[in-house]
Amino acid sequence: MEVVVETRDGPPSNLSSTSETDPNDHMAITSAESPQAVPEVTLRQRRKRGEDRHGREMPDGARQDSFLGGEFVFLELPDNEVEETKMTQNYMFGFKKWKSHLTVRPLQERSDVVKKLYQEPKEIKLVSESTITVGNVLYVILIGWILALVYSLVSLLMFLTVIGKDHGIFCFKLARYFLWPFGYFVQEQTTYQLEDNERHVVDNNVDYHKNGEELDENTPLSLTRPRADYVKINTAKYWKRPSTYVWLLLGMPLLLIIHCIVIFLTWFTVVLIPVSKVNIITIRKVLLMPPEKLHINKSSTVQHDHGPSEVIMCAYEAVNLYYYKYTVDGMNVILVNLLVFVVITLLLGFLDKFKDAVDTNVKFVMGLLAIIPLAYYIGMGIASISAQSTHAVGAVLNATFGSIVEIVLYISALLKYKKGEGPCYEDLVQSALTGTLLATMLLVPGICMIVGGIKHSEQRFNMKSAAVSASLLFISVAGAFTPTIFSKTYGSWICQQCAINGTNLPSESLTCLQCHNNLVDKNGDFYSNKVLPLIYICASLSLFAYVVGLVYTLKTHAHVLEEHLHAIQHAQHKSIAHWGRIKSAIILLLSVVAMSLCAEVVVQNMEPILTESGVSEMFIGVTILAVVPDIPEIMNGVQFAMKNNISLSIDIGSSVAVQVCLVQIPVLVLTNALIPGGGLHFHMVFNDLHLWSVIISVIIMNYVFNDGKADYFQGTTLCVVYIIMLSMYFFSPDMNHDKGCIDDVV
């Protein structure tokens, strides 16, 4: 089979035979080998049938769009131009790989499960089955009886006021409802049905209407309407009653407090959001309605005895496990909930800065949890602006803000050491940088392969693209660790706790417990004259290589990427972005500021964790400080793998590792050079454990990727190697960060 590609911008490529294509499709398959005419079948038609270009059944959510080097790259059809730009930038050098949608997706195109998540709890269902479920019973045990008790107490209070007896009945009805709301619905009576003429009584609280016309109070009863007529209830007089203000002052405040607590707790658990929605509607509407308008009925016996009415809320389940898919303004609800930790961190970190009201360990943990949502919001802001701007703007934005989370955290830690005072966290930052490399080369692709392999059995990725990424990664690691190799080759060694074996001193050897490489030779000028210039050269060339990569992708060889992504269908739908460019810029800047403040709180409260936890400090560096800022990349990689796009999952790890070597480390080094007196005290000289861990990881990663296939076995292998590497750090001796930084001895 010969693949014929036709794009809008140019003639078909790889043409050994020609054929006319559907003007709405930009790729068609013809046969160049069979002498008989074969009916043309477009990829678009096969995609709709769930088949690949060869007519084989494809996994759900996957599309084999481009044919590169004998392998397929799986892409999804973009919904609009913004998503198309984002998809293109996912394959470009220097851009964050982002999976989440940047634009609003029409609800009618979503699955029934997702549609249900966004529906207001107002749909009445005829309940034929029992509503007794584990989740509903759990609601009664944890929440229902408390709400019922509070409403009962408020009902008693309103009865004691005498004037508020109507609201007492109102609260009693709601107490019964909130104890077990499942299968019941709350109605607001909007009209009043007139009785027979002889039984009709005028209520001072009701104004009568027919066909929208008001009836005068002096209208004779003989002119009242027949039984089938309804009149609208006028709520204006409700706000003139004394009982209304008794309710607003005595009864409603207590109910508002309990409902707000329930909303916060249930929303934070995510799976109990259905309960939260019911409580939100209660605050917004139910508590403000006149008591005579409230009616509660059972879904199995829908009645209209009270005339036309509006359904306010109904509930059938307290727990919905699919609410982890729910989004708020384009952001997953779990991440939105984690913003609470940002507020807590800032309050505890700065209001209790010099007080010990809260334990430092709590502040440290709160700070780490706060970094997770902020990293997502920064990534979302970068992706939104990039997708709605030119590639050049996106490249600059990714270069400046792509590593801002890690850089801010590392600089905050390094600045703790000033003029010989305070702990020196250079070794800790180096451990975090090494941990990021290990996580992106082993953990991220490993988890993605396991998840993708379990769902899709076996996944394929483009070997040529993986080879290019591997080569770039080799070069990046070589540049980052060249000063380390040089200093260990020509530097001196310092040994401690040495003992002489034997009695003949000249012929006997020394037994030492701790030996490490010393950057300062006996004359004191080896580091200043040899190592430091090499560090600056490697850092400058690393940044230069990153800039060259951007120029190559965006300018001189942009057509290569366009050819590789020729199969992306140009979107025709109008896009509505979750965040516009201005909104994205504001959120991005606010997130960076909040991130800086939270990083400061983490660093301020890090010392007790390092000294009192009993865990190796290097282990904390390669795990917590390295993995937490990269959680967005891990989640994006998993989402790509679940959509059968393992290529981007692998590229995420490689691109982050490259950015660590070409951007993060050089920026720290050059910032150290620009600050008078070497204010950061950071240098590109790592210990042996870091060096060999990274080298082994690069070799293993390239060995696993050499066949273009991925499954859960290969992913498990990478994760096992990652755990083995972490075990070395777990048993490594503690670093003495109080010994001072290298600048003190140079």
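Computed from a predicted model, the values in this text were never measured in an experiment. What you see below is based on every heavy atom in this structure, not just the backbone, and it leaves out hydrogens, waters and symmetry mates.
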Would you check if the side chain of [X] reaches a backbone N or O of [Y] as a donor-acceptor pair within less than 3.5 Å?
X	Y	answer
K455	A641	no
Q664	I407	no
N337	W267	yes
N687	H690	yes
S584	S384	no
T103	A577	no

Pair [X] and [Y], ring centroids less than 6.0 Å apart:
X	Y	result
W98	F640	no
Y712	H456	no
F93	Y546	yes

Can you name the nearest heavy-atom pair linking [X] to [Y], along with the distance?
X	Y	result
S655	I652	OG-O, 2.9 Å
V663	A399	CG1-O, 4.4 Å
L473	A657	CD1-CB, 3.5 Å
L442	L718	O-CB, 3.5 Å
C598	V342	SG-CG1, 4.2 Å
A432	A626	O-CB, 3.3 Å

If I take atom [atom1] from residue [X] and atom [atom2] from residue [Y], how far apart are they, to the nearest 0.5 angstrom?
X	Y	atom1	atom2	result
I371	M366	CD1	CE	12.5 Å
N90	N636	CG	CG	8.5 Å
M684	N672	CE	CG	12.0 Å
M380	L335	CE	CG	10.0 Å
L610	Y425	CG	OH	5.5 Å
E600	S596	CD	OG	9.5 Å

>> Salt bridge or not between K416 and E607? Use side-chain N to carboxylate O under 4.0 Å.
In response: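 Answer for the salt bridge query: no.
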Measuring only between side-chain heavy atoms, which start at C-beta, is [X] closer than 4.5 Å to [Y]?
X	Y	answer
V547	Y552	no
D329	W579	yes
V270	I334	yes
N398	L550	no
I650	M449	yes
T85	Q388	no
Q430	F682	yes
V660	E406	no

>> Please evaluate residues L554 and F95 with respect to the criterion side chain to side chain contact (heavy atoms under 4.5 Å, CB included), reporting the C-alpha separation (whole Å), side-chain torsions for both, the decisive distance (0.1 Å), and the verdict.
In response: CA-CA 11 Å; L554 300 175; F95 283 80; 4.0 Å; yes
> What's the verdict on side chain to side chain contact (heavy atoms under 4.5 Å, CB included) for K583 and I586, showing C-alpha distance, side-chain angles and the deciding distance?
Replying inline: CA-CA 5 Å; K583 181 179 179 180; I586 294 174; 5.8 Å; no
> With a cut-off of 6.0 Å (strictly less than), are more than 12 heavy atoms of other residues, nucleotides or ligands near CZ of F731?
Replying inline: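 Not buried by this count: 12 neighbours or fewer within 6.0 Å.
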>> S389 vs I385, test: side chain to side chain contact (heavy atoms under 4.5 Å, CB included). Steps then yes/no.
In response: CA-CA 6 Å; S389 309; I385 299 175; 3.8 Å; yes
> Can you check side chain to side chain contact (heavy atoms under 4.5 Å, CB included) on Y729 and S693, steps first, answer last?
Replying inline: CA-CA 10 Å; Y729 286 99; S693 296; 3.4 Å; yes
> In this structure, which one of Q89, E84, E83 forms a side-chain hydrogen bond (donor to acceptor under 3.5 Å, both in side chains) with K86?
Replying inline: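 Single side-chain hydrogen bond (donor to acceptor under 3.5 Å, both in side chains) partner of K86 among Q89, E84, E83: E83.
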> What class does the angle between the rings of Y326 and Y323 fall in, given that below 30° is parallel, 30 to 60° is tilted and above 60° is perpendicular?
Replying inline: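 Judged by the thresholds at 30° and 60°, the geometry between Y326 and Y323 is tilted.
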> Is it the case that Q459 and D711 place a side-chain donor and acceptor less than 3.5 Å from each other?
Replying inline: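 No, no side-chain donor-acceptor pair sits under 3.5 Å.
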